[in-house]
There are 2 protein chains.
Amino acid sequence: MAKKTSLKDIAQYVGVSTALVSYVLNGKEKQARVSQQKVLEIRQAAKLLDYQPNLIAKSLRKGQTKTIGLIVADISNPFFADLAKKVEEFARELGYIVLFGSSDEQEYKSSYLIDVFLSRQVDAFIVCPVSGTENQIKKLQQTGKPVVLVDRYFPGLPADSVRINNREIAMRAVEHLILGGRRNIALLSYQTDLAHINQRKSGYLKAMEKYGLAVNPELIMEVNYANLVPKVEQKMLAAFNLQDKVDGILFATNSLAIAGLRVIENLGIKVPGDISVVSFDQSEVFDFYYAPLTYIAQGIQSLAENAVLLVSKRLKEQIHARQYMTTILDAKLIIRESSKIETSLQLNGSISGLIQPELRAEKIG
Amino acid sequence: MAKKTSLKDIAQYVGVSTALVSYVLNGKEKQARVSQQKVLEIRQAAKLLDYQPNLIAKSLRKGQTKTIGLIVADISNPFFADLAKKVEEFARELGYIVLFGSSDEQEYKSSYLIDVFLSRQVDAFIVCPVSGTENQIKKLQQTGKPVVLVDRYFPGLPADSVRINNREIAMRAVEHLILGGRRNIALLSYQTDLAHINQRKSGYLKAMEKYGLAVNPELIMEVNYANLVPKVEQKMLAAFNLQDKVDGILFATNSLAIAGLRVIENLGIKVPGDISVVSFDQSEVFDFYYAPLTYIAQGIQSLAENAVLLVSKRLKEQIHARQYMTTILDAKLIIRESSKIETSLQLNGSISGLIQPELRAEKIG
DNA sequence: AATTGTAAGCGCTTACAATT
DNA sequence: AATTGTAAGCGCTTACAATT
């Protein structure tokens with residue numbers, strides 16, 4: 001209950017001004033040319049009185065809080081939970097504390113969090129923006145505080161951004177399925193205007209096109225965030241009832257995969273016997289599945305590290321102010337059981353109709 | 001980039017003192033008897049100038065930050081991640097912001113986080129304490145700030161605490177297995193001095209005793225946090241090699257369950273055919289397992305809610321200062337596939353040797 | 001020249017005084 | 001009596017002045 005000791009207490013104890021104490025305890029005894037004698041006395045007194053600086057006072061005075069506001073889209077998703085954890089770790093190493101918030105994919109929550117964080121005087125923002133918040137972000141940038149978008153971004157909005165090569169890696173994943181002999185490859189994704197999700201779709205389409213594979217519209221399954229499970233079920237049942245059996249699927253996120261795998265289970269479809277499966281993101285469920293899932297690892301550590309580093313550089317003004325930075329990280333395709341090519345499949349006729357990319361022009365044109 | 005507007009700016013704009021502005025914007029116009037005219041003008045100016053209060057300044061002046069420091073033991077465990085999320089939600093509803101930290105089961109990190117949070121002038125603490133930090137907590141209490149222990153606690157330390165009835169629910173879970181016809185029931189737990197974990201063991205033992213079931217020491221498997229997976233493997237292989245086949249198991253946490261299920265899979269043991277499984281906590285893996293796991297739901301929402309509520313009451317001094325509160329919540333046993341009693345098992349002789357509790361005295365004594 | 005102190009001010013709140 | 005203003009102070013930092 002004892003009153004916390006302040007700079008003033010130490011100053012009185014040693015018999016010196018608060019200025020000296022401040023210099024010494026902030027390691028500025030050299031610049032301020034404090035005598036060795038006083039340095040010792042002050043340090044000793046600080047320890048004796050168990051001094052802990054009041055960072056609130058410091059923040060007010062210096063106009064910086066050493067605080068970063070992080071807004072993720074859904075903290076109950078392990079992807080964002082991991083991201084938050086890593087951001088916190090890196091930020092702490094650099095002496096920053098992180099204020100967390102989850103917008104839960106809601107515009108109004110995002111707006112609310114921004115206001116809370118501004119009131120709390122965070123020095124900078126790291127945001128996984130929600131659909132429809134482009135203007136919020138633009139306005140936020142106008143405060144002059146660094147804003148780094150992570151994972152998600154807006155193609156039309158110049159901004160600091162850290163993300164993966166969504167389109168390329170999706171393409172690579174689908175190509176992997178095709179080269180494994182799959183032809184009727186479905187995509188389960190979100191119906192959204194979020195660019196990173198649509199880039200994944202674009203990569204899927206590009207791969208299918210490259211190999212001359214027609215895509216039945218029903219194979220492109222796009223669902224809303226709300227009411228996910230029944231929607232997924234419905235779309236997947238329709239797709240799996242098609243005459244041409246679905247033999248491969250790309251899940252655009254881990255949540256979709258978990259919902260989708262459930263349907264696959266219920267239908268008694270075997271992985272990878274009947275269908276090859278690849279998903280974005282990671283999940284303990286993927287590891288534990290009887291056929292551990294082939295997945296696209298976003299390198300969460302790297303995303304977090306780059307975002308924090310960028311923020312830190314901005315705060316130190318090491319980057320030209322009016323020039324935004326985009327960092328694109330290479331995601332990795334981790335191939336495991338769920339997309340394993342079974343020998344029988346490789347050898348039977350099911351891939352005979354596959355058009356090799358080299359031949360496509362002639363065949364199609 | 002425009003300088004943020006302060007109370008002073010509004011005061012100047014309206015032509016009034018900052019005192020009036022402060023009263024009005026804090027809803028104290030009645031107490032301060034500000035004229036209706038000025039109230040209107042000030043409100044209007046605040047909106048016009050897009051005023052956002054500087055909570056840092058407010059905190060410094062009022063000596064309270066409306067901030068709660070939350071220290072969890074391991075944020076990568078979904079149990080704690082969920083807990084953190086819920087704490088944040090409830091705290092926000094009451095106008096508090098939450099500073100998070102994960103001690104990762106390390107004493108020094110816990111100590112470090114406490115110092116960081118104290119420097120940041122949090123108003124109160126909610127802590128899942130790590131083994132060996134009893135003195136840290138005691139010292140923290142002496143600052144006079146509310147400290148609420150959640151999930152974990154120290155039997156010897158008077159403190160505000162919110163937790164579940166670990167012993168009783170463990171007992172109930174094991175009883176459930178026994179009544180399902182299981183006799184050789186193993187426990188996979190941690191080797192630790194944490195009371196809540198040992199209470200779970202105690203409940204297990206109590207149930208076994210109640211039904212007169214002898215417990216082979218090898219069935220009580222206790223492992224360290226470090227190097228979890230190989231340790232679990234080793235202990236479980238030993239237990240499952242015993243002559244009397246293990247036919248039931250209680251996992252003391254979700255992490256242990258995930259490691260343990262892996263071994264069960266590798267051994268080709270069928271759930272619940274060969275073995276009934278119950279685990280503490282929840283996990284997506286439990287839901288997705290071919291035999292969804294019977295589990296002990298801690299009621300994370302309720303834990304979080306009670307912890308935040310207790311903190312809030314303390315801060316409002318609604319509770320007698322020198323009297324600590326312990327809230328024990330009832331956990332629930334959610335029975336699913338993994339402990340389903342198969343008819344054949346119920347009917348065959350394997351439970352014939354089971355001593356009914358009512359008969360125990362005679363049979364044993 | 002070497003060392004230390006003074007005092008303002010960051011943006012608020014609030015007891016109290018002052019004005020009409 | 002009704003309304004408004006003054007000014008101190010929360011705990012720091014730091015430009016500058018002052019002392020030896």
Side-chain angles (χ1 to χ4, degrees), chain A residues 2-43 45-46 49-67 118-123 143, chain B residues 2-43 45-46 49-67 118-123 143:
Chain A
K3 197 82 181 45
K4 276 198 68 175
T5 72
S6 68
L7 272 194
K8 211 168 151 192
D9 297 327
I10 298 179
Q12 279 174 347
Y13 184 89
V14 179
V16 84
S17 74
T18 59
L20 276 204
V21 180
S22 173
Y23 290 134
V24 171
L25 297 183
N26 286 293
K28 297 190 180 164
E29 63 265 25
K30 284 278 162 49
Q31 291 108 296
R33 281 168 305 185
V34 183
S35 68
Q36 193 55 28
Q37 171 66 12
K38 296 288 178 199
V39 171
L40 256 46
E41 283 180 44
I42 289 167
R43 289 240 179 80
L49 301 176
D50 193 24
Y51 175 71
Q52 272 171 325
N54 183 327
L55 260 39
I56 296 291
K58 197 171 193 160
S59 294
L60 180 60
R61 170 62 223 238
K62 299 190 65 163
Q64 58 166 40
T65 53
K66 291 292 234 170
T67 300
L118 282 175
S119 282
R120 299 254 173 192
Q121 313 296 120
V122 301
D123 292 340
T143 63
Chain B
K3 197 81 180 47
K4 276 198 70 176
T5 72
S6 67
L7 274 193
K8 211 168 151 192
D9 297 327
I10 298 177
Q12 279 173 350
Y13 184 88
V14 179
V16 85
S17 74
T18 58
L20 276 204
V21 181
S22 173
Y23 290 134
V24 171
L25 298 183
N26 286 292
K28 298 189 178 166
E29 63 265 26
K30 285 277 162 53
Q31 292 108 297
R33 282 168 304 185
V34 183
S35 68
Q36 193 55 28
Q37 170 67 13
K38 295 289 178 199
V39 171
L40 255 47
E41 283 180 46
I42 289 168
R43 288 240 179 81
L49 301 176
D50 193 24
Y51 174 71
Q52 273 171 324
N54 182 327
L55 261 36
I56 297 291
K58 197 169 193 161
S59 295
L60 180 60
R61 169 62 223 238
K62 299 191 64 163
Q64 59 166 42
T65 53
K66 290 291 232 171
T67 300
L118 281 175
S119 283
R120 300 255 172 191
Q121 314 296 120
V122 300
D123 293 339
T143 62

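Chain letters run A, B, ... following the sequence lines, proteins first, then strands; residues in each count from 1.
The NZ-P distance, from A/K38 to C/dG5, rounds to 7 Å in whole Å. Protein atom CG of A/L7 is 19 Å distant from nucleotide atom P of C/dC10, rounded to whole Å. The CG-C1' distance, from B/N54 to D/dC10, rounds to 13 Å in whole Å. Residue B/I42 contributes atom CD1, which lies 12 Å from atom C1' of D/dG5 at whole-angstrom precision. Distance B/Q64 CD to C/dC12 P: 16 Å, rounded to the nearest Å. A/N26 places its CG atom 10 Å from the P atom of D/dC12, with the value rounded to the nearest Å. When the P atom of C/dT3 is taken as reference, atom CD of A/Q37 falls 12 Å away, rounded to whole Å. If you measure from atom CD of A/Q52 to atom C1' of D/dC12, you get 15 Å, rounded to the nearest angstrom.
Taken to the nearest 0.5 Å, the CG atom of A/L118 stands 5.0 Å off from the CD atom of B/Q52. Taken to the nearest 0.5 Å, the OG1 atom of A/T5 stands 11.5 Å off from the OH atom of A/Y13.
Between A/S17 and C/dG5 there is a side-chain N or O to OP1 or OP2 distance below 4.0 Å. Using a 4.0 Å cut-off, some side-chain N or O of B/S35 falls inside it from OP1 or OP2 of D/dT4. At least one side-chain nitrogen or oxygen of A/Y51 sits closer than 4.0 Å to the OP1 or OP2 atom of D/dC12.
With hydrogens and angles disregarded, a donor-acceptor distance shorter than 3.5 Å links the side chain of A/N54 to the backbone of A/I56. For A/D9 (side chain) and A/S6 (main-chain N/O), a donor-acceptor pair under 3.5 Å exists by modelled atom type. Under the 3.5 Å distance criterion, the side-chain polar atoms of B/D123 are left unmatched by any main-chain donor or acceptor of B/Q64. Judged purely by atom type and a 3.5 angstrom limit, B/S22 has no side-chain atom pairing as donor or acceptor with the backbone of B/L20. Of the possible donor and acceptor atoms, one in the side chain of A/S59 sits under 3.5 Å from a partner among the backbone N and O of A/L55.
D/dA8 is paired with C/dT13 under the criterion used here, namely a Watson-Crick or G-U wobble arrangement in which both key atom distances are under 3.5 Å. In this structure, C/dT20 forms a base pair with D/dA1, meeting either the Watson-Crick or the G-U wobble geometry with both donor-acceptor distances under 3.5 Å.
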Between the protein and nucleotides 18-20 of chain C, list the N/O to N/O atom pairs that are separated by less than 3.5 angstrom.
none

Between the protein and nucleotides 14-17 of chain C, are there any N/O to N/O pairs under 3.5 Å, and if so, what are the atom names and distances?
| residue | atom | partner | partner atom | Å |
| --- | --- | --- | --- | --- |
| C/dT14 | OP2 | B/K28 | NZ | 2.7 |
| C/dT14 | O4' | B/R61 | NH2 | 3.4 |
| C/dA15 | N6 | B/Y23 | OH | 3.4 |

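Shown here for A/V14 and A/E41, the closest heavy-atom pair between the two residues is CG1-OE1, 3.4 Å. For the pair A/V16 and A/K38, the tightest heavy-atom approach, listed with the atom from each and the gap, is CG2-CD, 4.2 Å.
As judged by a 4.0 angstrom heavy-atom cut-off over every strand, B/K8 is placed among residues making no nucleic acid contact.
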